[in-house]
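Take a look at the structure set out below.
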Amino acid sequence: MYALISFVFGLLFGSYGNSVVHRLPRRMHADWEAEARDVLGQPARTDADTTLVSKRSHCPHCKATIAWYDNLPLLSWLVLRAKCRMCSAPISARYFVLELAGGLIGLGAYDLYGFTVAALALGTAGLMLLYLSAIDIEHQLLPDVLVFPLLWVGLFAATQGWTVRPAESIEGALFGYLLLATPAWIFKLIRHKEGMGGGDLKLLMALGAFLGIAGVVGTLLVASVAAVVIHLGLIAAKKAHWQSRTPFGPFLVAGGVVSFVTIHFDWLRLPAF
């Protein structure tokens, strides 16, 4: 019963993640625009759809409000055959993927920690990583409003003995930031342009709070190899070129998950970690 409850809650928050992925970047852009308009003395816009919780879900194409029976995680996407009931516009597979991934995160947290506060904290961290990955893929953004709470969860989890020791958590966070910040600063000094987004630096810092220094090294190794392989594959398929910008956040998340599982499951432990 507890496993089922954890899975269902994961599904619900995976479904909510679709609203976060769709609306949070738009709210950020609206805030930036509002600040620019204020500086320029122009009137603020009032038509931006930037709320995350109060407005009901609607089709982005026809703007029709989505009924509750068309908003059930997994089932509605399958029953509607990935199309809006009102206008037949396609519904992205991202909705189904985030819902399923959210359910699996809830189930995985329960399997690892039981029906406990630790499972709630680590499941929340997993959901934030899921949201960050999807936002980075679609918008090449890693919002601070998600990254910094992830860092605090990692530090808190360490104080409770759920992950690494507190000292290792702090060391991992600092090392994770500096590991990417140092080459990024050198690149900018030499080339006079950004070589890596600041969000990637802060994301590896947050992951370091869960993993410690050894986990950060493993995370970056897995992420770098995966990013190169995927980028070369896209080039071979003529869907990208050598100068294409590739969101690195999802690869860091994947590397972090691999490192976390490797550290916490003896049967997957590797000498390099």
Side-chain angles (χ1 to χ4, degrees), residues 3 5-28 52-53 57 71-77 82 91-113 118-154 156-157 162-163 176 197 199-200 202-211 215 219 222-223 226-227 230 246-264:
I5 291 173
S6 301
F7 181 70
V8 170
F9 267 91
L11 285 179
L12 294 174
F13 281 99
S15 180
Y16 173 67
N18 283 300
S19 295
V20 174
V21 173
H22 178 76
R23 297 178 182 180
L24 180 56
R26 288 165 175 78
R27 188 177 76 178
M28 294 172 63
L52 292 179
V53 293
S57 299
N71 212 17
L72 299 175
L74 300 183
L75 295 178
S76 295
W77 191 88
I91 302 175
S92 171
R94 183 250 289 166
Y95 288 83
F96 184 88
V97 171
L98 257 64
E99 290 165 356
L100 179 59
L104 293 177
I105 288 170
L107 192 60
Y110 167 75
D111 184 65
L112 186 59
Y113 292 99
L120 177 62
L122 274 295
T124 300
L127 288 168
M128 286 192 284
L129 288 172
L130 178 65
Y131 301 166
L132 285 165
S133 297
I135 291 173
D136 201 24
I137 290 172
E138 292 195 11
H139 303 279
Q140 293 195 354
L141 288 172
L142 291 169
D144 288 349
V145 71
L146 292 176
V147 175
F148 284 128
L150 182 66
L151 171 64
W152 305 134
V153 172
F156 175 75
W162 299 335
T163 53
D200 295 319
K202 288 176 278 190
L203 177 57
L204 189 57
M205 176 178 66
L207 290 171
F210 290 89
L211 302 171
T219 295
V222 172
I230 295 298
T246 301
F248 195 47
F251 296 107
L252 287 174
V253 170
V257 171
V258 170
S259 293
F260 185 83
V261 171
T262 301
I263 290 171
H264 290 277

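Given the structure is predicted, the values throughout are model-derived calculations rather than measurements. Along the sequence shown, the residues carry numbers beginning at 1.
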Q. To the nearest 0.5 Å, how far apart are CG in Leu129 and CG in Leu146?
A. 9.5 Å

(Q) If I take atom CG from residue Leu151 and atom CG from residue Leu207, how far apart are they, to the nearest 0.5 angstrom? (A) 10.0 Å

**Q.** For the student: nearest non-hydrogen atoms of Pro247 and Ile137, plus distance
**A.** CG-CA, 4.1 Å

Q: Start with the C-alpha gap between Leu120 and Tyr113, add the side-chain angles, then the distance that decides, and say whether side-chain contact (heavy atoms from CB on, under 4.5 Å) holds.
A: CA-CA 9 Å; Leu120 177 62; Tyr113 292 99; over 6 Å; no

Q: Heavy atoms only: give me the nearest Gly10-Leu127 pair and the separation to one decimal.
A: O-CD2, 4.4 Å

Q. Stepwise, does the side-chain contact (heavy atoms from CB on, under 4.5 Å) test hold for Phe248 with Leu203?
A. CA-CA 10 Å; Phe248 195 47; Leu203 177 57; over 6 Å; no

Q: Grab the two heavy atoms, one from Ala134 and one from Leu98, that are nearest each other, plus how far apart they are.
A: CB-CD1, 4.0 Å

Q) Shortest non-hydrogen contact from Leu74 to Phe96? A) CD2-CE1, 3.6 Å

Q) Rounded to the nearest 0.5 Å, how far does OG of Ser6 lie from CG of Leu11? A) 11.0 Å

Q) Going from CG on Leu107 to CG on Leu112, what distance comes out if it is rounded to the nearest 0.5 angstrom? A) 11.5 Å

Q. Could you give the distance from CZ (Arg23) to CG (Asn18), rounded to the nearest 0.5 Å?
A. 10.5 Å

Q. Does any N or O in the side chain of Trp77 come within less than 3.5 Å of the main-chain N or O of Ser92, such that one atom is a donor and the other an acceptor?
A. yes

Q.
Quick check: closest heavy atoms across Arg26 and Val21, and the distance to 0.1 Å?
A. NH1-O, 4.5 Å

(Q) Show every side chain to side chain donor-acceptor pair (under 3.5 Å) that has at least one partner inside residues 119-144, sequence neighbours left out. (A) Arg94-Glu138, Asp144-Lys202

Q | Leu141 to Pro25 - nearest heavy-atom pair and separation | A | CD1-CB, 4.1 Å

Q: Could you name each residue pair satisfying salt bridge (charged side-chain N to carboxylate O under 4.0 Å, His left out) that touches residues 96-105, not counting sequence neighbours?
A: none

Q: Could you check whether the rings of Phe13 and Phe9 sit parallel, tilted or perpendicular, using 30° and 60° as the cut-offs?
A: parallel

Q) For the side chain of Thr219 and the backbone of Gly215, is there at least one donor-acceptor N/O pair under 3.5 Å apart? A) yes

Q | Value rounded to 0.5 Å, distance of CG in Leu142 from CG in Leu204 | A | 11.5 Å

**Q.** Candidate pair Leu132 and Leu150, rule side-chain contact (heavy atoms from CB on, under 4.5 Å), full reasoning
**A.** CA-CA 10 Å; Leu132 285 165; Leu150 182 66; 4.2 Å; yes

Q.
Would Phe7 and Tyr110 count as a side-chain contact (heavy atoms from CB on, under 4.5 Å) here? Give the steps.
A. CA-CA 9 Å; Phe7 181 70; Tyr110 167 75; over 6 Å; no

